Amino acid sequence: MVFIRRVRTASGATAVQIAEYVRGRQQIVEHIGSAHTEAELGMLLERARLSWLTGRGFAAAQCSDLR
């Protein structure tokens, strides 16, 4: 299962990553970036959604969990 993950970094920023579970553990597929403001976080989350949809070849109808 692939999902978008948000993680707090040591510097206090929020990292946005695309990850998946492999053998019960989270594996990072792609690091999108780190945000220091809510505006940056919103842009990174949107970029992650688009990357996930286009890079993985899923139809938008199958990705209702991202909305």
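Numbering starts at 1 and runs along the sequence shown. Remember, predicted model here, so these are calculated numbers, not experimental data.
Here the shortest heavy-atom pairing between Ala48 and Ile18 reads O-CD1, 3.7 Å.
Evaluation of the side chain to side chain donor-acceptor pair (under 3.5 Å) rule for Ser34 yields no partner, not counting sequence neighbours. Listed by chain and residue number, Arg5, Tyr21 satisfy the side chain to side chain donor-acceptor pair (under 3.5 Å) test with Gln26 (two or more places apart in sequence, or in another chain). Every side chain to side chain donor-acceptor pair (under 3.5 Å) that Ser11 has, sequence neighbours left out, goes to Thr9. Not a single side chain to side chain donor-acceptor pair (under 3.5 Å) links Arg23 to another residue, sequence neighbours left out.
One finds the CG atom of Leu50 at 11.0 Å from the CG atom of Leu45 (value rounded to the nearest 0.5 Å). In this structure, CG in Leu44 is found 11.0 Å from CZ in Arg6, a value given to the nearest 0.5 Å. One finds the CD1 atom of Ile32 at 7.5 Å from the CD1 atom of Ile4 (value rounded to the nearest 0.5 Å). Interatomic distance, Gln17 CD to Ile28 CD1, rounded to the nearest 0.5 Å: 4.0 Å.
Side-chain contact between Val7 and Thr14 is absent, with no heavy-atom pair separated by less than 4.5 Å.
Residue pairs meeting the ring pair (Phe, Tyr, Trp, His ring centres under 6.0 Å) criterion with at least one partner in residues 32-51, sequence neighbours excluded, do not occur; the list is empty. Pairs passing the salt bridge (charged side-chain N to carboxylate O under 4.0 Å, His left out) check and including a residue from residues 35-48, sequence neighbours excluded, read Glu46-Arg49.
In the hydrophobic clustering of this structure, Met43 does not group with Leu53; members are Ile, Leu, Val, Met, Phe, Trp, Tyr whose side-chain heavy atoms approach within less than 4.5 Å, directly or through other members.
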